[in-house]
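See below for the structure under consideration.
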Amino acid sequence: MRCASRLLLALPALALAQEQFPIADKIKGWLNQAQSFISSAVPAVPSTMDAGAAKVAEHVEIFLTLDNWQSVLAADPSATTAGPDDWMVYITGGNRTCYGLCGNATIAWNESVALLSALPTAPKFAVLDCEEQPILCNAWSVGPPSIYYMSIPHALADQSTPATTVRWIPLNRTSVIASDITTLVTKQAYKNTEPYEGIWHPFNGLIAQYDLALPVGYVVWGFSKMPSWLPMIAISFLSRSFM
Ligand SMILES: *[C@@H]1O[C@H](CO)[C@@H](O)[C@H](O)[C@H]1NC(C)=O
Ligand SMILES: *[C@@H]1O[C@H](CO)[C@@H](O)[C@H](O)[C@H]1NC(C)=O
Ligand SMILES: *[C@@H]1O[C@H](CO)[C@@H](O)[C@H](O)[C@H]1NC(C)=O
Ligand SMILES: *[C@@H]1O[C@H](CO)[C@@H](O)[C@H](O)[C@H]1NC(C)=O
């Protein structure tokens with residue numbers, strides 16, 4: 001009697017043990033899947049990543065505006081490394097500023113941010129949407145889809161700040177894929193682009209130095225909003241009144 005009840009008690013445990021074998025197999029299967037996913041993740045991103053990538057991107061990237069860009073794109077004073085802080089700014093747009101053709105580039109960017117943010121040496125990520133921030137895009141004279149790669153140095157001991165290096169890297173809106181963007185970082189491919197040193201440089205350019213970026217941004221934006229016949233009328237009006 002005692003023996004039988006013990007057996008009865010043991011039965012569910014046995015059944016459980018037997019059920020556990022397939023579970024162990026299942027776990028092994030999952031691990032294999034995860035491993036193949038991770039090892040293949042960088043060169044070719046599986047399409048199942050998109051939804052997750054947008055979520056990750058949302059958490060690690062900062063959206064630039066006229067008000068915040070100067071405080072966002074600054075060297076982190078608490079950083080322990082001496083080197084410059086690298087920022088990758090993704091410049092995007094919508095129907096008006098990118099002719100509605102920035103979708104593929106944005107998917108590639110989101111995937112790249114998700115992948116790159118796992119790297120210990122990852123740059124920081126920001127997004128400039130020209131549809132929302134036309135003045136800032138005009139002040140920098142940049143268009144979507146593109147990446148502005150910025151190396152922002154820390155202030156030196158004497159409080160002087162070395163020049164900021166910026167590289168403007170246009171993306172091909174038809175053919176860009178995530179690996180085009182990740183190799184900018186993993187293979188330092190951004191260095192293939194010469195640093196930009198012209199007047200539109202956001203930090204050291206002539207226009208920024210004389211604090212003209214904002215007014216110029218507004219003027220250029222204003223001209224883009226203006227019907228094309230308006231400047232003609234204005235000029236003929238002006239020249240007539242001068243005579
Ligand atoms: C990319 O990520 C952002 C969040 O940062 C999200 O708002 C956007 O919808 C995503 N775009 C695509 C095409 O996945
Ligand atoms: C952009 O244009 C497409 C097609 O013309 C339209 O379906 C979509 O709603 C537009 N998006 C915005 C934000 O206006
Ligand atoms: C986006 O990519 C798809 C397939 O990769 C392509 O068919 C489509 O033309 C691309 N869209 C744009 C706007 O380039
Ligand atoms: C973008 O990619 C397409 C397809 O690969 C190519 O035909 C086109 O010339 C490229 N455009 C530029 C500006 O490189």
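All ligand and atom numbering here is 1-based and tracks the order in the structure.
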Atom 2 (O) of ligand 3: of Ile177, Val176, Asn104, Thr174, the nearest heavy atom sits on Asn104
Ligand 3 to Arg173, heavy atom cutoff 4.0 Å, flagged ligand atoms 14 (O)
Is the centre of the Tyr148 ring less than 6.0 Å from the centre of the Trp200 ring?
no
Taken to the nearest 0.5 Å, the spacing of Ile91 CD1 from Cys98 SG works out to 11.0 Å
**Tyr90 ring center within less than 6.0 Å of Trp109 ring center** = yes
Donor-acceptor contact present, side-chain Glu61 to main-chain Val113, <3.5 Å = no
Query raised in the report: Any protein heavy atom under 4.0 Å from atom 7 (O) of ligand 4?
Result: no
(message) Checking contacts now, so for atom 4 (C) of ligand 3, which I'm interested in, is there any protein heavy atom under 4.0 Å?
(response) no
Check whether any protein heavy atom sits under 4.0 Å from atom 11 (N) of ligand 4.
yes
Closest to atom 1 (C) of ligand 2 among protein heavy atoms sits Asn95 ND2, 1.5 Å
Regarding ligand 4, does Asn172 bring an N or O atom to under 3.5 Å of one of the ligand's N or O atoms?
yes
heavy-atom search around atom 13 (C) of ligand 3 in the protein gives Leu101 CD2, 3.5 Å
For this session: Apply side chain to side chain donor-acceptor pair (under 3.5 Å) to the pair Gln133 and Thr65, showing each step before the final yes or no.
Result: CA-CA 6 Å; Gln133 299 293 328; Thr65 67; 5.0 Å; no
- Answer yes or no: is there an ion pair linking Lys124 with Asp86, defined by an N-O contact shorter than 4.0 Å? no
